[in-house]
Enquirer: 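Please see the structure below; I have some questions.
Residue numbers count from 1 along this sequence.
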Amino acid sequence: MTSPDPPGTHPAWLPPEAFRPIGSRRTLVLGDGLLTETVHDEAARACARYGGHVHRHTRNEPYDLVLALTTAEPLPGPAQTVLDEFRSTTGPPANTIGGEGYLTARRHGVTTVLADDAAGLLYGLFHVVRLGERAFTEERPPERHAPTMRRRMLDHWDNVDIHPVMGQVERGYAGGSLFWRDGAPRGDLARVRDYARLLAACAVNAISVNNVNVHATEALLLTDRLGDVAAIADVLRPYGIRVHLSVSFASPVTLGRLPSADPLDEDVRKWWADVTERVYDTIPDFGGYVVKADSEGQPGPFAYGRDHADGANLLAEALEPFGGVVHWRAFVYNHRQDWRDRSTDRARAAHDHFAPLDGRFRDNVILQVKHGPIDFQAREPVSPVIAAMPATHLAVELQVTQEYTGQQRHVCYLAPMWREVLGFRPWGPDGPAVADVAGGVSGNGGGLVGVSNVGDDPYWTGHPLAQANLYAFGRLAWAPWTDPAAILDEWIDLTFTPAATGDTEPAATRETERLRHILHTIMDDSWRTYERYTAPLGVGFMVRPGHHYGPDVDGYEYTPWGTYHFADRDGVGVDRTRATGTGFSGQYPPAWSEVYESLDRCPDDLLLFFHHVPYGHVLHSGSTVIQHIYDTHFAGAGQAVEAGRRWEEAAGLVDPSLHARVTDLLAEQIRCAGEWRDQITTYFFRKSGKPDTRGRHISR
């Protein structure tokens, strides 16, 4: 099917109709500051469209909605009543709303949002947008909302120049960069402003604007082209988003013409201090630096006999006077290892490098740790580094862009996987969860970081349904215990409002419910569907080298990248036990190291990550490994076909161009899922010699 031309920029989860409940009412906005002006402007734009009124000063007249800072005086009676009720029930010192938090209530026909600072007021406004009409029809006692993660950040892997291999956006599947084009700024930043609105609506408060692999042109953003970064910061600032910059560790040499970038060299320290001062003179609210060092060819402190703490502390020292932070990525491993040596294990690398350094990092260093020990596969254990560094600020990194989960050509709603990661308890059922570590319950929280999946595609994310992953990232960073199905409901209700579907009441309600059911059927289990037709039992990286799309079972098996499955005629899987393997299982606290070490106790979905087993090994499910491979790959490919069939039922319920785009992408997913099924099942039949007990054959 050929897609009709899409509209200009798709509004995603902020279509104008989502603001009707606010725009049709009488609103009062109280308080000072840039973000409060943003709140007023959002309400005023909605009122201009839908006939309501918005005021900036208290009048002797009724209001339907009050959005006010607690410092504004005088608060109107209903708002003051709500604040007094909240303070009387909580008591000092917990009776402040705090930071980016906000207080909501509905009393006596007035909906109230209160915040101690303007960022909270902005997030409170978008909370009312999410509630829609319910914000004005149900009495609500005062309820405080506050983020679990202080930093909720997106890393853009955008290149200023077009890279000869990776293009304008590395691992980007939604067109070009929002910020850069062919070596220069894009110029018109109106779309960046729209992006800032979308991010604020799901409470993302920081982004980095260039690739962690810093090439020659990108390095200049720190010095000669800092004005380009400042222009982006100016557009993002009204929505509470701070700009960060990826920098090269070798900058003192490549930009400063120094003979060395040694982190203990006084001239190097002074160079970074001077450059950083100029950055803050230009961008006073600059967030800090993101660094990938001594990883996959990027320069780092190892060249000078120093370690990662030395390198990170150098930049942290320069940033500290201005309140900036350095995000130092823990993605460090040997990418030139001998594939014949089974004692070398890429999964061990981050823990081996960083755990011995715990306690040596400055207070404004945030160690940014991928959620799994390999590289964003559809199934990995949680990284043991997260539990190994109690004296270090840790941020957990998720990959919103779908590098290994279908590249935004496949439907793969990732919130269930992320929720599983955030809920994992490394020390056992009575210990803190990953979300607690990232959120700072134990005092070392660095927040949540996602690799952005956005580009200049009209639908923002290439696949329109991949928008849900970006939305879910922000919502889970704010409230990591939220049910992914509830987040999906929010996204559906905002994105596919009746006006967006072209329907009118009363048919709108029925058809919205139909669409919601269709989308849940397609998306709720889509991550596990993808896992079923790709990676069996925790084995990943069976992808085509380089671009990582589509199956190639042995594509990385005899390469130096350290991503192996070790399938042979007798069995499959990587022995990572302490007893006979690489010892990786021993990097976990005892509650999990003993589970992963044991062949009997290891969860089925991670069995081949930790153990090399015969094809006839019986899983906890009762199936053998080889039969599980056959069954899941046929099932997953069949579920992709079913998703395509269900989407056909959405015709007429969504915009025709959006429906056509998703239809085309589902057709590609069905084709690719069939290719995965055929290659994987044929490969393992040839390796094992054991046929499918159900007698199925691959398609011709």
Side-chain angles (χ1 to χ4, degrees), residues 150-151 153 155 206 208-210 212 214 218-223 226 229-230 233 242-295 298-332 353-369 389-395 440 443-447 449:
R150 178 183 175 189
R151 289 181 176 84
M153 182 172 175
D155 283 357
S208 65
V209 296
N210 64 307
V212 294
V214 182
E218 290 75 28
L220 293 170
L221 295 175
L222 179 64
T223 53
L226 184 60
V229 182
R242 298 178 74 177
V243 163
H244 296 239
L245 191 64
S246 293
V247 297
S248 169
F249 189 80
S251 292
V253 176
T254 58
L255 301 178
R257 308 304 180 192
L258 295 182
S260 167
D262 184 345
L264 301 190
D265 184 291
E266 286 299 322
D267 289 338
V268 172
R269 293 173 63 192
K270 185 178 186 304
W271 186 89
W272 277 109
D274 292 345
V275 165
T276 302
E277 184 175 10
R278 289 196 293 272
V279 170
Y280 278 92
D281 285 344
T282 307
I283 311 171
D285 59 349
F286 181 72
Y289 299 137
V290 179
V291 183
K292 177 180 178 181
D294 286 312
S295 174
Q298 291 295 309
F302 288 178
Y304 307 97
R306 314 304 185 190
D307 59 31
H308 287 283
D310 296 326
N313 289 341
L314 163 71
L315 300 181
E317 180 183 46
L319 289 160
E320 192 275 333
F322 309 99
V325 299
V326 54
H327 283 79
W328 191 271
R329 295 181 83 233
F331 185 52
V332 176
H353 280 291
F354 287 95
L357 303 178
D358 188 38
R360 285 195 47 215
F361 292 95
R362 294 177 70 106
D363 196 50
N364 61 326
V365 174
I366 297 174
L367 189 64
Q368 189 166 309
V369 182
M389 305 191 70
T392 303
H393 295 292
L394 293 179
N444 64 344
V449 179

Enquirer: Side chain of S251, backbone of S248: donor and acceptor closer than 3.5 Å?
Expert: yes

Enquirer: Looking at V326, V268, V291, which one forms a side-chain contact (heavy atoms from CB on, under 4.5 Å) with L314?
Expert: V268

Enquirer: Under the side-chain contact (heavy atoms from CB on, under 4.5 Å) rule, what do D155 and H327 come out as? Steps first, then yes or no, please.
Expert: CA-CA 11 Å; D155 283 357; H327 283 79; over 6 Å; no

Enquirer: Identify the heavy atoms of A206 and H244 that sit nearest to each other, and give their distance.
Expert: CB-NE2, 3.7 Å

Enquirer: Search all heavy atoms of F249 against all heavy atoms of P299 and return the closest pair with its distance.
Expert: CB-O, 3.5 Å

Enquirer: Rounded to the nearest 0.5 Å, what separates atom CG in D265 from atom CH2 in W272?
Expert: 13.5 Å

Enquirer: Okay, side chain of S246, backbone of N210: is any donor-acceptor separation there less than 3.5 Å?
Expert: yes

Enquirer: Check G288 against L319 and note the closest heavy-atom contact, atom names and distance.
Expert: CA-CD2, 4.0 Å

Enquirer: Taking all heavy atoms of A233 and all of I283, pick out the closest pair and write down the distance.
Expert: CB-CG2, 3.9 Å

Enquirer: Run the side-chain contact (heavy atoms from CB on, under 4.5 Å) test against V332 and tell me which residues pass, sequence neighbours left out.
Expert: S295, H308, H353, F354

Enquirer: In a table with atom names and distances, give each donor-acceptor pair under 3.5 Å that connects a side chain of residues 359-366 to protein atoms at least two apart or in another chain.
Expert:
| from | atom 1 | to | atom 2 | distance (Å) |
| --- | --- | --- | --- | --- |
| R360 | NH1 | D307 | OD2 | 2.5 |
| R360 | NH2 | D310 | OD1 | 3.0 |
| D363 | OD1 | H393 | NE2 | 2.8 |
| N364 | ND2 | A316 | O | 2.9 |
| N364 | ND2 | G324 | O | 3.0 |

Enquirer: Starting at CH2 of W328, measure out to OG1 of T392 and round the result to the nearest 0.5 Å.
Expert: 13.5 Å

Enquirer: Closest heavy-atom contact between A261 and Y304?
Expert: N-OH, 3.0 Å

Enquirer: Say whether, by atom type as modelled, one donor and one acceptor occur between the side chain of R151 and the main chain of G446 under 3.5 angstrom.
Expert: no

Enquirer: Which heavy atom of F302 sits nearest to which heavy atom of D294, and what is that distance?
Expert: N-OD2, 2.8 Å

Enquirer: How long is the span from the OG1 atom in T223 to the CG atom in L255, to the nearest 0.5 Å?
Expert: 4.5 Å

Enquirer: Using 0.5 Å steps for rounding, measure from the OH atom of Y289 to the OG1 atom of T276.
Expert: 3.0 Å

Enquirer: Dump the intermediate steps for side-chain contact (heavy atoms from CB on, under 4.5 Å) on V253 and W271, then the final yes or no.
Expert: CA-CA 10 Å; V253 176; W271 186 89; over 6 Å; no

Enquirer: Passes side-chain contact (heavy atoms from CB on, under 4.5 Å), M389 versus V369? Steps please.
Expert: CA-CA 11 Å; M389 305 191 70; V369 182; over 6 Å; no

Enquirer: Walk me through whether D274 and R278 qualify under side-chain contact (heavy atoms from CB on, under 4.5 Å).
Expert: CA-CA 6 Å; D274 292 345; R278 289 196 293 272; 4.0 Å; yes

